[in-house]
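Below you'll find the structure, written out as C-alpha coordinates, and then a few comments.
As the structure lists them, so they are numbered: ligands from 1, and atoms in each ligand from 1.
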Amino acid sequence: MSQREWIEKDFYKELGVSSSASQDEIKKAYRKLARDLHPDANPGDTKAEERFKSVSEAHAVLSDPAKRKEYDETRKLFAGGGYGRGGFTPGAGGGFSQDFNIGDIFGQANAGDGGLGDLLGGLFNRGGARTASRPRRGADVETETTLGFREAAQGVTVPLRMTSPSPCTTCHGSGAKPGTSPRVCPVCNGNGVISRNQGAFGFSEPCDECRGSGSIIDDPCVDCHGSGIQNRTRTITVRIPPGVSDGQKIRLAGQGEAGLRGAPSGDLYVTVHVSQDKVFGRNGDDLTLVLPVSYSELVLGTTVSVPTLEGRVGVKVPPGTADGRILRVRGRGVPKRGPGGGAGDLLVTVKVAVPQKLDDNAAEALKRYAEAEKTSGFDPRAGWAGA
Ligand SMILES: [Zn+2]
Ligand SMILES: [Zn+2]
(Lines give C-alpha, C1' and ligand atoms only; values in the text may rest on other atoms or scores of the structure.)
(Ligands and ions follow the chains in the order given, each with its own letter.)
Protein backbone atom coordinates (compact mmCIF):
# COMPACT_ATOMS: atom_id res chain seq x y z
CA MET A 1 0.00 0.00 0.00
CA SER A 2 1.41 3.38 -0.90
CA GLN A 3 1.57 6.44 1.31
CA ARG A 4 -0.89 8.07 -0.96
CA GLU A 5 -3.39 5.35 -0.22
CA TRP A 6 -2.75 5.81 3.45
CA ILE A 7 -3.75 9.39 3.07
CA GLU A 8 -6.77 8.79 0.91
CA LYS A 9 -8.18 5.89 2.86
CA ASP A 10 -10.11 6.45 6.03
CA PHE A 11 -9.35 3.40 8.10
CA TYR A 12 -11.44 4.66 11.00
CA LYS A 13 -14.45 4.94 8.75
CA GLU A 14 -13.83 1.43 7.41
CA LEU A 15 -14.12 0.06 10.93
CA GLY A 16 -16.90 2.44 11.93
CA VAL A 17 -15.01 3.87 14.89
CA SER A 18 -13.94 7.41 15.82
CA SER A 19 -10.37 8.53 15.35
CA SER A 20 -10.01 8.57 19.13
CA ALA A 21 -11.19 4.96 19.53
CA SER A 22 -9.29 2.82 22.01
CA GLN A 23 -7.37 -0.26 20.90
CA ASP A 24 -10.11 -2.30 22.50
CA GLU A 25 -12.86 -0.58 20.54
CA ILE A 26 -10.92 -1.09 17.34
CA LYS A 27 -10.44 -4.74 18.09
CA LYS A 28 -14.11 -5.25 18.88
CA ALA A 29 -15.32 -3.40 15.80
CA TYR A 30 -12.96 -5.38 13.64
CA ARG A 31 -13.90 -8.75 15.07
CA LYS A 32 -17.56 -8.15 14.44
CA LEU A 33 -16.98 -7.00 10.86
CA ALA A 34 -14.52 -9.79 10.14
CA ARG A 35 -17.04 -12.36 11.28
CA ASP A 36 -19.88 -10.87 9.21
CA LEU A 37 -17.82 -10.33 6.09
CA HIS A 38 -15.66 -13.42 6.18
CA PRO A 39 -15.57 -15.13 2.75
CA ASP A 40 -16.52 -18.44 4.33
CA ALA A 41 -19.74 -16.86 5.53
CA ASN A 42 -20.35 -15.14 2.18
CA PRO A 43 -19.26 -17.59 -0.50
CA GLY A 44 -19.10 -15.97 -3.91
CA ASP A 45 -20.00 -12.51 -2.62
CA THR A 46 -17.24 -10.37 -4.11
CA LYS A 47 -18.56 -7.21 -2.48
CA ALA A 48 -18.26 -8.74 0.96
CA GLU A 49 -14.81 -10.00 0.03
CA GLU A 50 -13.69 -6.51 -0.98
CA ARG A 51 -15.10 -5.05 2.21
CA PHE A 52 -13.44 -7.81 4.18
CA LYS A 53 -10.09 -6.91 2.67
CA SER A 54 -10.57 -3.20 3.35
CA VAL A 55 -11.61 -3.85 6.90
CA SER A 56 -8.66 -6.16 7.46
CA GLU A 57 -6.32 -3.60 5.95
CA ALA A 58 -7.71 -0.92 8.24
CA HIS A 59 -7.36 -3.18 11.26
CA ALA A 60 -3.81 -4.12 10.31
CA VAL A 61 -2.81 -0.49 10.53
CA LEU A 62 -4.94 0.71 13.42
CA SER A 63 -4.31 -2.25 15.68
CA ASP A 64 -0.58 -1.63 15.63
CA PRO A 65 0.07 1.43 17.82
CA ALA A 66 3.24 2.35 15.92
CA LYS A 67 1.58 2.05 12.52
CA ARG A 68 -1.49 3.87 13.74
CA LYS A 69 0.63 6.78 14.96
CA GLU A 70 2.42 6.91 11.65
CA TYR A 71 -0.91 6.81 9.82
CA ASP A 72 -2.44 9.55 11.97
CA GLU A 73 0.58 11.76 11.51
CA THR A 74 0.73 11.21 7.79
CA ARG A 75 -2.90 12.13 7.43
CA LYS A 76 -2.54 15.18 9.62
CA LEU A 77 0.46 16.33 7.65
CA PHE A 78 -1.24 16.05 4.32
CA ALA A 79 -4.79 16.95 5.22
CA GLY A 80 -6.33 19.14 2.56
CA GLY A 81 -4.49 17.66 -0.38
CA GLY A 82 -1.12 19.15 0.38
CA TYR A 83 0.71 16.52 -1.54
CA GLY A 84 0.32 18.10 -4.96
CA ARG A 85 3.52 18.80 -6.86
CA GLY A 86 5.82 15.92 -7.42
CA GLY A 87 3.50 13.65 -5.54
CA PHE A 88 4.51 10.75 -3.45
CA THR A 89 6.72 8.02 -4.48
CA PRO A 90 5.44 4.81 -3.06
CA GLY A 91 8.00 3.39 -0.78
CA ALA A 92 9.72 6.71 -0.20
CA GLY A 93 12.30 6.83 2.53
CA GLY A 94 9.88 7.75 5.31
CA GLY A 95 9.79 4.33 6.87
CA PHE A 96 6.70 3.01 5.16
CA SER A 97 7.05 -0.03 3.11
CA GLN A 98 5.40 0.24 -0.24
CA ASP A 99 3.31 -2.83 0.17
CA PHE A 100 3.28 -4.03 3.68
CA ASN A 101 2.50 -7.64 3.95
CA ILE A 102 -0.82 -8.04 5.65
CA GLY A 103 -0.02 -11.67 6.28
CA ASP A 104 2.97 -10.66 8.33
CA ILE A 105 1.00 -8.23 10.36
CA PHE A 106 -1.60 -10.84 11.11
CA GLY A 107 1.14 -13.27 11.85
CA GLN A 108 2.36 -10.99 14.60
CA ALA A 109 -1.10 -10.17 15.82
CA ASN A 110 -2.04 -13.80 16.05
CA ALA A 111 0.09 -14.62 19.01
CA GLY A 112 -1.95 -12.53 21.43
CA ASP A 113 -5.15 -12.61 19.53
CA GLY A 114 -6.67 -15.94 20.42
CA GLY A 115 -7.75 -17.75 17.29
CA LEU A 116 -8.19 -14.84 14.96
CA GLY A 117 -5.34 -16.27 12.96
CA ASP A 118 -7.38 -19.34 12.20
CA LEU A 119 -10.28 -17.26 11.11
CA LEU A 120 -8.07 -15.41 8.69
CA GLY A 121 -5.88 -18.33 7.82
CA GLY A 122 -4.32 -18.20 4.43
CA LEU A 123 -6.44 -15.41 3.09
CA PHE A 124 -3.93 -12.69 3.09
CA ASN A 125 -0.86 -13.89 1.39
CA ARG A 126 -2.23 -13.37 -2.06
CA GLY A 127 0.21 -11.60 -4.26
CA GLY A 128 1.39 -8.88 -1.89
CA ALA A 129 4.94 -7.66 -2.21
CA ARG A 130 7.32 -9.16 0.25
CA THR A 131 10.79 -8.37 1.34
CA ALA A 132 13.22 -10.25 -0.83
CA SER A 133 15.79 -10.89 1.85
CA ARG A 134 14.19 -13.77 3.74
CA PRO A 135 12.74 -17.10 2.72
CA ARG A 136 9.24 -16.48 1.54
CA ARG A 137 6.17 -18.51 0.97
CA GLY A 138 5.32 -19.15 -2.65
CA ALA A 139 2.77 -16.88 -4.23
CA ASP A 140 -0.87 -17.87 -4.21
CA VAL A 141 -2.30 -18.61 -7.60
CA GLU A 142 -5.83 -18.09 -8.81
CA THR A 143 -7.44 -19.95 -11.64
CA GLU A 144 -10.88 -21.05 -12.71
CA THR A 145 -12.54 -24.07 -14.18
CA THR A 146 -15.93 -24.97 -15.57
CA LEU A 147 -17.59 -28.18 -14.47
CA GLY A 148 -20.63 -29.99 -15.72
CA PHE A 149 -23.60 -29.95 -13.39
CA ARG A 150 -23.30 -33.58 -12.41
CA GLU A 151 -19.49 -33.39 -12.06
CA ALA A 152 -19.90 -30.50 -9.62
CA ALA A 153 -22.55 -32.35 -7.67
CA GLN A 154 -20.62 -35.59 -7.42
CA GLY A 155 -17.04 -34.33 -7.27
CA VAL A 156 -14.51 -34.77 -10.03
CA THR A 157 -10.80 -34.82 -10.72
CA VAL A 158 -9.82 -32.23 -13.31
CA PRO A 159 -6.56 -31.16 -14.92
CA LEU A 160 -5.88 -27.44 -14.55
CA ARG A 161 -3.53 -25.67 -16.89
CA MET A 162 -1.90 -22.69 -15.31
CA THR A 163 0.40 -20.08 -16.68
CA SER A 164 2.51 -18.18 -14.23
CA PRO A 165 5.67 -16.13 -14.37
CA SER A 166 8.90 -17.85 -13.44
CA PRO A 167 12.58 -17.03 -13.91
CA CYS A 168 13.73 -17.21 -17.53
CA THR A 169 15.59 -20.46 -18.09
CA THR A 170 17.91 -18.92 -20.69
CA CYS A 171 19.38 -16.16 -18.53
CA HIS A 172 18.43 -17.65 -15.15
CA GLY A 173 16.41 -14.58 -14.37
CA SER A 174 19.16 -12.00 -14.82
CA GLY A 175 17.65 -10.60 -18.02
CA ALA A 176 21.10 -10.37 -19.60
CA LYS A 177 22.19 -12.38 -22.63
CA PRO A 178 24.03 -15.53 -21.53
CA GLY A 179 27.74 -14.75 -21.16
CA THR A 180 27.06 -11.15 -20.22
CA SER A 181 25.83 -9.73 -16.96
CA PRO A 182 23.92 -6.66 -15.90
CA ARG A 183 26.01 -3.80 -14.55
CA VAL A 184 25.25 -1.68 -11.54
CA CYS A 185 23.42 1.50 -12.45
CA PRO A 186 25.92 4.37 -12.12
CA VAL A 187 23.23 6.96 -11.47
CA CYS A 188 21.66 5.40 -8.39
CA ASN A 189 24.55 3.09 -7.46
CA GLY A 190 22.23 0.12 -7.68
CA ASN A 191 19.64 1.44 -5.27
CA GLY A 192 16.98 1.88 -7.89
CA VAL A 193 15.90 5.12 -6.25
CA ILE A 194 17.20 8.66 -6.20
CA SER A 195 16.79 10.63 -3.00
CA ARG A 196 16.08 14.31 -3.08
CA ASN A 197 15.71 16.68 -0.18
CA GLN A 198 12.98 19.25 -0.30
CA GLY A 199 12.80 21.38 2.79
CA ALA A 200 12.04 19.22 5.75
CA PHE A 201 11.13 16.16 3.75
CA GLY A 202 13.23 13.62 2.01
CA PHE A 203 11.69 12.23 -1.13
CA SER A 204 12.73 9.28 -3.16
CA GLU A 205 11.93 8.63 -6.77
CA PRO A 206 12.59 5.62 -8.95
CA CYS A 207 15.81 6.06 -10.89
CA ASP A 208 15.10 7.03 -14.52
CA GLU A 209 18.31 5.54 -15.83
CA CYS A 210 17.57 1.96 -14.70
CA ARG A 211 13.80 2.37 -14.21
CA GLY A 212 14.13 1.49 -10.59
CA SER A 213 15.82 -1.87 -11.07
CA GLY A 214 19.25 -0.74 -9.92
CA SER A 215 21.02 -2.42 -12.81
CA ILE A 216 21.49 -1.82 -16.49
CA ILE A 217 21.40 -4.55 -19.10
CA ASP A 218 23.43 -3.70 -22.17
CA ASP A 219 22.75 -6.98 -23.95
CA PRO A 220 19.24 -8.23 -23.15
CA CYS A 221 18.42 -11.90 -23.18
CA VAL A 222 16.52 -12.61 -26.40
CA ASP A 223 14.09 -15.04 -24.84
CA CYS A 224 12.72 -12.79 -22.13
CA HIS A 225 13.65 -9.41 -23.69
CA GLY A 226 15.57 -8.48 -20.59
CA SER A 227 12.75 -8.96 -18.11
CA GLY A 228 14.29 -12.12 -16.63
CA ILE A 229 10.82 -13.62 -16.52
CA GLN A 230 9.11 -16.18 -18.66
CA ASN A 231 5.61 -17.50 -18.46
CA ARG A 232 5.64 -21.12 -17.59
CA THR A 233 2.68 -23.40 -18.15
CA ARG A 234 2.07 -26.33 -15.90
CA THR A 235 -0.78 -28.74 -15.58
CA ILE A 236 -1.84 -30.12 -12.25
CA THR A 237 -4.58 -32.52 -11.41
CA VAL A 238 -6.90 -31.46 -8.65
CA ARG A 239 -9.76 -33.20 -6.92
CA ILE A 240 -12.83 -30.99 -6.71
CA PRO A 241 -14.97 -32.15 -3.77
CA PRO A 242 -18.62 -33.06 -4.37
CA GLY A 243 -21.27 -30.43 -3.87
CA VAL A 244 -19.51 -27.29 -5.14
CA SER A 245 -21.82 -24.61 -6.46
CA ASP A 246 -21.47 -22.10 -9.24
CA GLY A 247 -19.13 -19.22 -8.39
CA GLN A 248 -17.63 -20.95 -5.38
CA LYS A 249 -13.95 -20.48 -4.72
CA ILE A 250 -12.04 -23.51 -3.52
CA ARG A 251 -8.72 -23.26 -1.73
CA LEU A 252 -6.23 -26.02 -2.39
CA ALA A 253 -3.50 -25.63 0.19
CA GLY A 254 0.07 -25.87 -1.04
CA GLN A 255 -0.85 -26.09 -4.74
CA GLY A 256 0.28 -22.54 -5.58
CA GLU A 257 3.73 -21.36 -6.57
CA ALA A 258 6.71 -23.06 -4.99
CA GLY A 259 8.34 -21.16 -2.14
CA LEU A 260 11.84 -19.80 -2.42
CA ARG A 261 14.66 -21.40 -0.49
CA GLY A 262 12.62 -24.11 1.16
CA ALA A 263 9.69 -21.94 2.20
CA PRO A 264 6.22 -23.50 1.86
CA SER A 265 4.30 -23.28 -1.38
CA GLY A 266 1.46 -20.84 -1.81
CA ASP A 267 -2.15 -21.92 -2.16
CA LEU A 268 -4.21 -22.38 -5.25
CA TYR A 269 -7.64 -20.80 -5.42
CA VAL A 270 -9.95 -22.27 -8.01
CA THR A 271 -13.13 -20.43 -8.91
CA VAL A 272 -15.60 -23.02 -10.10
CA HIS A 273 -18.22 -22.34 -12.72
CA VAL A 274 -20.96 -24.90 -12.98
CA SER A 275 -22.89 -25.33 -16.20
CA GLN A 276 -26.64 -25.80 -16.25
CA ASP A 277 -28.24 -29.20 -16.53
CA LYS A 278 -31.16 -30.02 -18.79
CA VAL A 279 -33.00 -31.95 -16.09
CA PHE A 280 -31.70 -30.96 -12.68
CA GLY A 281 -31.52 -27.77 -10.72
CA ARG A 282 -29.98 -27.25 -7.31
CA ASN A 283 -31.04 -25.73 -4.06
CA GLY A 284 -28.12 -26.18 -1.69
CA ASP A 285 -27.76 -29.91 -1.14
CA ASP A 286 -31.15 -30.63 -2.65
CA LEU A 287 -31.53 -31.58 -6.26
CA THR A 288 -34.64 -30.30 -8.02
CA LEU A 289 -36.49 -31.39 -11.11
CA VAL A 290 -39.82 -30.69 -12.76
CA LEU A 291 -41.86 -33.77 -13.64
CA PRO A 292 -44.46 -33.39 -16.39
CA VAL A 293 -47.66 -35.30 -15.57
CA SER A 294 -51.13 -35.51 -17.00
CA TYR A 295 -54.23 -34.33 -15.17
CA SER A 296 -55.50 -37.88 -14.90
CA GLU A 297 -52.21 -39.06 -13.38
CA LEU A 298 -52.59 -36.43 -10.65
CA VAL A 299 -56.19 -37.39 -10.00
CA LEU A 300 -55.79 -41.15 -10.09
CA GLY A 301 -52.22 -41.39 -8.80
CA THR A 302 -49.29 -43.14 -10.46
CA THR A 303 -45.63 -44.05 -10.07
CA VAL A 304 -43.15 -42.37 -12.45
CA SER A 305 -39.50 -43.24 -13.00
CA VAL A 306 -37.26 -40.14 -12.72
CA PRO A 307 -33.49 -39.74 -13.13
CA THR A 308 -31.14 -39.27 -10.17
CA LEU A 309 -27.40 -38.51 -10.15
CA GLU A 310 -26.64 -42.23 -10.05
CA GLY A 311 -29.51 -43.86 -11.89
CA ARG A 312 -33.26 -43.69 -11.62
CA VAL A 313 -35.85 -43.88 -8.89
CA GLY A 314 -39.61 -44.49 -8.91
CA VAL A 315 -41.56 -41.52 -7.55
CA LYS A 316 -45.02 -42.25 -6.24
CA VAL A 317 -47.60 -39.60 -7.10
CA PRO A 318 -50.49 -40.15 -4.65
CA PRO A 319 -54.09 -39.92 -5.94
CA GLY A 320 -55.41 -36.35 -5.69
CA THR A 321 -52.01 -34.66 -5.89
CA ALA A 322 -52.28 -30.93 -6.63
CA ASP A 323 -50.49 -29.43 -9.61
CA GLY A 324 -47.19 -27.81 -8.51
CA ARG A 325 -46.83 -29.98 -5.44
CA ILE A 326 -43.26 -30.91 -4.49
CA LEU A 327 -42.59 -34.58 -3.76
CA ARG A 328 -39.48 -35.30 -1.72
CA VAL A 329 -37.27 -38.31 -2.33
CA ARG A 330 -34.93 -38.49 0.65
CA GLY A 331 -31.20 -38.96 0.23
CA ARG A 332 -31.14 -38.72 -3.57
CA GLY A 333 -29.79 -35.18 -3.75
CA VAL A 334 -26.27 -33.76 -3.81
CA PRO A 335 -23.67 -35.51 -1.62
CA LYS A 336 -22.97 -33.48 1.50
CA ARG A 337 -19.48 -32.37 2.33
CA GLY A 338 -17.94 -32.99 5.68
CA PRO A 339 -17.51 -36.06 7.85
CA GLY A 340 -21.27 -36.50 8.39
CA GLY A 341 -21.68 -37.64 4.81
CA GLY A 342 -25.10 -38.38 3.43
CA ALA A 343 -26.83 -36.46 0.72
CA GLY A 344 -29.57 -33.88 0.27
CA ASP A 345 -32.97 -34.78 -1.11
CA LEU A 346 -34.43 -34.93 -4.59
CA LEU A 347 -37.33 -32.50 -4.87
CA VAL A 348 -39.77 -33.39 -7.64
CA THR A 349 -42.24 -30.71 -8.68
CA VAL A 350 -45.24 -32.09 -10.59
CA LYS A 351 -46.47 -29.97 -13.46
CA VAL A 352 -49.54 -30.74 -15.53
CA ALA A 353 -48.96 -31.04 -19.25
CA VAL A 354 -52.13 -29.99 -21.09
CA PRO A 355 -52.73 -31.78 -24.42
CA GLN A 356 -52.91 -29.34 -27.32
CA LYS A 357 -54.86 -31.81 -29.46
CA LEU A 358 -57.10 -34.74 -28.63
CA ASP A 359 -58.40 -37.41 -30.96
CA ASP A 360 -62.16 -37.81 -31.25
CA ASN A 361 -62.26 -40.67 -28.82
CA ALA A 362 -60.40 -38.80 -26.08
CA ALA A 363 -62.31 -35.57 -26.76
CA GLU A 364 -65.64 -37.40 -26.44
CA ALA A 365 -64.52 -39.08 -23.24
CA LEU A 366 -63.36 -35.75 -21.81
CA LYS A 367 -66.71 -34.11 -22.61
CA ARG A 368 -68.50 -36.93 -20.86
CA TYR A 369 -66.13 -36.53 -17.95
CA ALA A 370 -66.78 -32.78 -17.78
CA GLU A 371 -70.52 -33.45 -17.50
CA ALA A 372 -69.97 -36.10 -14.86
CA GLU A 373 -67.68 -33.74 -12.93
CA LYS A 374 -70.47 -31.15 -12.73
CA THR A 375 -73.03 -33.65 -11.49
CA SER A 376 -70.52 -35.03 -8.99
CA GLY A 377 -70.52 -31.59 -7.38
CA PHE A 378 -66.86 -30.67 -8.02
CA ASP A 379 -66.47 -26.91 -8.36
CA PRO A 380 -62.86 -25.80 -9.04
CA ARG A 381 -63.73 -22.28 -7.81
CA ALA A 382 -65.45 -23.27 -4.61
CA GLY A 383 -64.04 -21.19 -1.81
CA TRP A 384 -62.15 -18.99 -4.26
CA ALA A 385 -61.98 -15.38 -3.10
CA GLY A 386 -62.42 -14.14 -6.69
CA ALA A 387 -65.78 -15.85 -7.18
ZN1 LIG B 1 16.03 -14.40 -20.21
ZN1 LIG C 1 19.56 3.59 -11.46
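Glu57 and Ser54 share no side-chain donor-acceptor pair at under 3.5 Å. Using modelled atom types, one finds no donor on one side chain facing an acceptor on the other under 3.5 Å when comparing Arg35 with Tyr30. For the 3.5 Å distance criterion, the side chains of Arg161 and Thr235 fail to qualify, holding no donor opposite an acceptor. For the residue pair Thr170/Asp223, the side-chain donor-acceptor check at 3.5 Å is satisfied.
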N/O donor-acceptor pairs under 3.5 Å from side chains in residues 345-352, not counting sequence neighbours:
from	atom 1	to	atom 2	distance (Å)
Asp345	OD1	Gly331	N	2.9
Asp345	OD2	Arg328	NH1	2.6
Asp345	OD2	Arg330	NH1	3.4

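Between Val193 and Glu205, the closest side-chain pair of non-hydrogen atoms is not below 4.5 Å.
Counting only distances under 2.8 Å, and ignoring water, the protein N, O or S atoms around the Zn ion (ligand 1) are Cys168 SG, Cys171 SG, Cys221 SG, Cys224 SG.
Closest of all the heavy-atom pairs between Ala58 and Leu15 is CB-CG, 4.0 Å.
Of all protein N/O/S atoms, those lying under 2.8 Å from the Zn ion (ligand 2) come to 4.
Shown here are the side chain to side chain contact (heavy atoms under 4.5 Å, CB included) partners of Val279, two or more places apart in sequence or in another chain: Arg150, Asp277, Leu289, Pro307.
Note on ring orientation: taking the six-membered ring where Trp is involved, the planes of His38 and Phe52 are perpendicular (angle over 60°, cut-offs 30° and 60°).
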